[in-house]
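These notes concern the structure reproduced below.
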Amino acid sequence: MEAYLTSYATVLALTVAGILLVALAFAVSRLVRPDREYGFKLSSYECGIDPVGTGWSHTHIRYYMFAFMFVIFDVETLFIFPWAVVLGTSEHQRFIFGVMLVFLFFVTITLPYEWKKGVLKWV
Amino acid sequence: MATSVFALEPLWLALLLQALAALLLFLIGAVVVGYLEHKVLAHMQDRLGPMEAIWHGIGQLPADGLKFLQKEDIIPTAADRWVFALAPAVAVVPGVVVIAVLPFGPGLWLTDLDAGIFFALAASGVTVLGTLMAGWSSANKFSLMGGLRGAAQLISYELPLVLAAAAIVIQAGTLSLPGIVEAQHGFTLFGVPMIYGIPHIIGLGLFFVAALAELSRPPFDMPIADSELIAGHMTEYTGMRYAFFMLSEYAGMVILSALATVLFLGGWYPWPGVGLPEGAAGMVLGFVITFAKILVLSAIMVWLRATFPRMREDQLQRLSWSVLIPLGLLNIVLVATAKVWF
Amino acid sequence: MSETLPHEGGVILPGGPGEAMSVEIRDGGLVTQEMNLNIGPQHPATHGVLRVVIDLDGEVIVRARPVIGYMHRGFEKLAEARDYRQIIALVNRHDWLSAFCNELGVALAVERLMELEVPERAQWIRVLMSEWNRILNHLMFIGSFGLELGAITPVFFSFREREDIQSFLESATGGRLHFTYTRVGGLKEDLPAGFLDASRQMAATMRSRNDEYRQLLLGNEIFQARTKGVGALAPDVAVDYGVTGPTLHATGVAEDVRLSEPYCVYDELDVKVPVRTNGDSYDRFVVLLDRIDASLDLIEQVHEGLPAGPVNRKMPKTVKAPEGATYVRTENPLGQGGYYLVSDGGKTPWRMRMRTPSFSNIQMVPELLEGSLLSDMIAILGSVYFVVGDVDR
Amino acid sequence: MAAPSLPGSGLLKGLGLTFKTMLSPATTAQYPHVKPELPPRTRGVIALMEENCTVCMLCAKECPDWCIYIDSSKETVPVEGGRTRTRNVLDRFAIDFALCMYCGICVEVCPFDALFWSPEFEYAEYDIRELTHEKERLREWMDTVPPPPPLEEGAVPPAEIEAGIAAARKEAEEAVAKAKAAAEGGGEPEAEGPQIDEELFARLVAEGTPERAARAKAKAAFVKAQKRREREQGGDQ
Amino acid sequence: MSVPEVVMLATGVVGGAAALLVVTSRNVVHSALYLVVALLAVAGVFLVLGAEFVAWAQVLVYVGAVVVLLLFGLMLTRAPIGPTGQGNELGKAMPLAVALAVFAGLVALIVTSYGGEVIALEHVPPAALGEVLYVAWALPFMTLGFLLTLALIGAVVIARREEGEGPLPEPDPDEPEAAEASPPDSSSWPQRQPEPTPDEREVSA
């Protein structure tokens, strides 16, 4: 546990260091950069034309199906890792191989199904 | 588990050194790869690239950095100020954090996590949040679309990336990056010492393609497609904030190349079975070898950029879901079968 | 067609900025708002200041309207206050990529009004220059098309060639872009020594370089995926809109002024017009590459057949076209250029009207854009060859 | 198109080409370090041969941009044994290169060969007003004007130029011979020589100007040159 | 207090505060971003508790995926992005009650299960997790796979219904267009303007 916590202290230190890097760069930049914000400089870029509507207009993303699938496949890949670690060394090697095969089968079977249903289209 | 050279007492000194080393690696890695991109790209296009800064433009990127520092920081009125301002930081910090687990030579890593590769993949995935934040907060249509494309790309290519890595984990039996390098060092195929990249050629391909997409590098640079979306999520950014996005891109190249080096190319060993001298010499040699491998992989990324047109978002998704992900799953099953029965 | 009823049928959420806050329920499903987007006038993809207003539904273009006029410089009106020599210096500027061909059109129109016979050698050199100019123009579009698809290298390659060609054209004309080499009644002056050698050498180089473009882009699977079947233009639509040049040839219509109404010495030369049949972005690009080869063929024929002799006719100090009107068609790199010249006998035209290929090409663009993806818009705009200056004049 | 090939072979071919390009030397010209060699006809900057200018204003009138500014004044020249004549003196000749569109019409229309193209191009300025080159600056560009290039095989130089060149050559030879004779004779060549600008005369003749007119103009130029010499001497005193 | 305890407390506070901001923030995307912070804090808590793998799984799946999904959803459903006005008063009370009830339930559950028991923190490496998960818990694991399949099929069914069969409806020329541009320098949201006709719009655009 001690070594574990020490190793994560490093991760924490690096996070802090990263934030400091950004903060420091901005602080230095603030000292040397000009600050003359006005008018058109502050308008949103739309090819030199006054923006039409707000930039937050809502677009139709038909690809949210991909997001669904990603979440589910992400959960799936997540379970592969602990399995991958123990596969080589476990006493029940073949059993856990079979377990994962069943699991993968369940999840993967949806892929051709969706393909057939035609929801995997981007636009 | 091998120990890191940074395992020092007292702890605060170790942490300080680690933080400094990480920042140095982050910045130097990004600058070197940036310079590589400038020059390799230029020569592939029959031109010279930067030539004026110091010698052969070697000082170009630091000079650019200085220039960025002096640039005005403009936040558009329509933008969501705080999210806009924080987005570059969100893009950069994960890059620094991931360096924690990257091994650059025997003992040359900051820490050796049990969940090493998994940690690296999870943390680097946070970068996309920066893209999305930038894209949304800019209140610009091009940015919004760029951000959405970036997010879409991430969700489709995180999977092949992770699946390819998982196959290596099966092979090596550990998640620790130094552990993978050591396991690879002892790996033989039909008695011949071999890097994982050769039997795992599918995995290497998957990992590399997915890494390109994850980094929004050509031919998968739709999120910042300059001819369509101006600069995607970076359209409204100026000065230092823009520089951080660029920095995170180059650092991302270093990080993913380093991961590929560890997973597929034998890490700091010149070739599995070929050892390194003990002590400092081995460390230096190991560092040079690792960095050379990283640069070669980065140069290949640049090479692809120089040659290929951009794909279309729907083509990219189709490629991912109908080719790469099934291939990744198949690869896992194949490797697992080989592991269990051979 | 369903009705969009944001206020009656939709639910207005409290306190939002107008319509952007409403959720529409249409046909029992959620409907998103279309995004109105300006591509241009300052956009990297529109090389020039063309503006295309598009309505996007997600990434699909629902409506597209090109808005032109950002670069209108009134060339036709200016021409009414310019004598013919000045007009020649002027017309190579609206379509800056087809400078020589435009000059030639004006000179031909004046010469036709004056019923002037131009020396043989001048006519051959005019063909030579026209074809080199055509190659220059096509190189530009080959490069920029690659750039728009995200391939950044072709543009550097094509500019390398452009520079080489421009260099030796400069030795003859003095200009790299605006040649101003034609004169009414001939040419400004004869070619300098060594020009033909340089031209021969460049033609050989250009042939091998043209293969490089094919290697770099044409065979590339990503390039094919991005362009094949994208923005397919039907031949009848193309003809209806008056589309000409490579964009028309890609649809299978081989209309080319150099064949149908030869000027200069094109009737003595073996003019090949490369034609493709699909009319998509890919074919438009292939036609461009093939046209370079065809132009090189012509250039080599000129090298062989260039007669000796003067390049100029003795002209009066002020050129005055006799009263009357004429219309000259030329095959400019981008398509047919038309020069309608009305003279009242003075030293300036009474009216000069130009039919520019880019204008006709661009008006067809909404036809292709609507229903395609935003990314395809780039592939389409990049392959419907136009120069904004040539559109707006 | 071509025969069906392996998938991805197109990608590999492209990669091969970029790699090959990387290994071959780049074509970039390191411009400020290596100057380009420009052909003599390059339209870089317009040079003014002030001595040839007769203030006919043709260039200014023909310029599509109206970027040539000419000021002149009348000067009376007393002629011995005759009535005084007036002639034009060039006070200002300036070209605004910020307006100029480098069409070359002025050079072409100049009947007295006072304007020339020079391939020089490095005259960018920080202030747009500096881009208006006055006649002194324009005269300096004259030193950079290259001789016209020889023509391509099969070209027929215009007859008047052929004749002019021959005439000028003859004139020059005569002048040399005369000068030689004068030197041998120990006389004063300046006093004995014809009071005209030989060079200009030769050129004018070459251009097809009637000899009488050319002689007159050359004489005027000579007088003007002499005037200027006198003025300069006067300024020195 | 030991260092892990301090970190635990800090992540807890940060996570709690972020969670509170998630529900109080008037801007939906801000809420989503606060949710990221909250989820990261939860990951931090897992880390301190020694559940290394679970922590990074939290980051990978929740931060990487759920938030992406959330943002996609926001943009898709055309729900108000950007600051909304007054919330629904009734809509505040109900969730609050539910949240409090859930919180009370969880606290009661934990107290009754562990009440006062001190558990030594222990690092669980992924390998140990694997040994347990795929052997002892094999059946639940496979059931999970089935569950995920069902979830996906459900998503497909929903997507099919939303998409509707047949081609997209043609755009109606009379269809009211988006609200006119808000001037970029105006700090307040513009009021709704009368519907411009397409012609007017072209002129003004």
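Heavy-atom basis, side chains included; hydrogens, waters and symmetry copies ignored. The chains referred to below are lettered A, B, ... by the order of the sequence lines, with proteins before strands, and numbering in each begins at 1.
Under the salt bridge (charged side-chain N to carboxylate O under 4.0 Å, His left out) criterion, C/Asp211 pairs with C/Arg214, sequence neighbours left out. Listed by chain and number, the residues in a side chain to side chain contact (heavy atoms under 4.5 Å, CB included) with C/Gln166 are C/Leu136, C/Arg162, C/Glu163, C/Arg176, C/Leu177 (sequence neighbours excluded).
Heavy atoms closer than 4.5 Å to chain D are found nowhere in C/Leu306, neither backbone nor side chain. Only the side chain of D/Thr27 comes within contact range of chain C, with heavy atoms under 4.5 Å apart. Proximity to chain D (any heavy atom under 4.5 Å) is restricted, for C/Phe157, to the side chain, taken from C-beta onward. For chain C, the nearby part of D/Leu38 is the side chain; its heavy atoms alone come within less than 4.5 Å. If you measure heavy-atom distances from C/Arg160 to chain D, the contacts under 4.5 Å come from the side chain alone. Contact annotation for C/Asp83: only side-chain heavy atoms (C-beta onward) come within less than 4.5 Å of a heavy atom of chain D. Looking at D/Thr21, only its side chain comes within 4.5 Å of chain C, counting heavy atoms on both sides. For a residue to count as touching a neighbouring chain, one of its non-hydrogen atoms must lie under 4.5 Å from one of that chain's; by this rule C/Arg183 touches chain D with the side chain only. Both the backbone and the side chain of C/Ser171 come within less than 4.5 Å of a heavy atom of chain D.
Within 6.0 Å of CD in D/Glu122 there are more than 12 heavy atoms belonging to other residues, nucleotides or ligands. Remark: D/Glu174 CD is packed, more than 12 non-hydrogen atoms of other residues, nucleotides or ligands lying under 6.0 Å away. Annotation for D/Arg169: atom CZ does not count as buried by contact number, only 12 or fewer foreign heavy atoms lying within 6.0 Å.
In this structure the side chain of C/Thr153 reaches within 4.5 angstrom of the side chain of D/Thr18, judged on heavy atoms. Contact of the D/Pro64 side chain with the C/Arg82 side chain is registered, since non-hydrogen atoms from C-beta on lie closer than 4.5 Å.
Proximity of a side-chain donor or acceptor of C/Gln86 to a complementary backbone N or O of D/Glu62 within less than 3.5 Å is detected. Formation of a donor-acceptor pair under 3.5 Å by the D/Arg41 side chain with backbone atoms of C/Thr173 is not found in this model.
One finds no salt bridge joining D/Glu108 and C/Lys188 here, because no Lys/Arg side-chain nitrogen approaches an Asp/Glu carboxylate oxygen to under 4.0 Å.
Ranking C/Ala81, C/Pro192, C/Gly175 against chain D, the residue ahead of the rest is C/Pro192, based on heavy-atom pairs under 4.5 Å. Ranking C/Ser167, C/Ala172, C/Pro307 against chain D, the residue ahead of the rest is C/Ala172, based on heavy-atom pairs under 4.5 Å.
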Exercise. Salt bridge (charged side-chain N to carboxylate O under 4.0 Å, His left out) between C/Glu170 and D/Arg43: does it pass, once the steps are laid out?
Worked result: CA-CA 9 Å; C/Glu170 186 183 14; D/Arg43 300 199 294 267; over 6 Å; no

For this session: Go through C/Leu90 and D/Met101 one step at a time and tell me if the side-chain contact (heavy atoms from CB on, under 4.5 Å) criterion holds.
Result: CA-CA 9 Å; C/Leu90 203 65; D/Met101 63 181 211; 4.3 Å; yes

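Atom CD1 of residue D/Ile105 and atom CZ of residue C/Arg85 lie 6.5 Å apart, to the nearest 0.5 angstrom.
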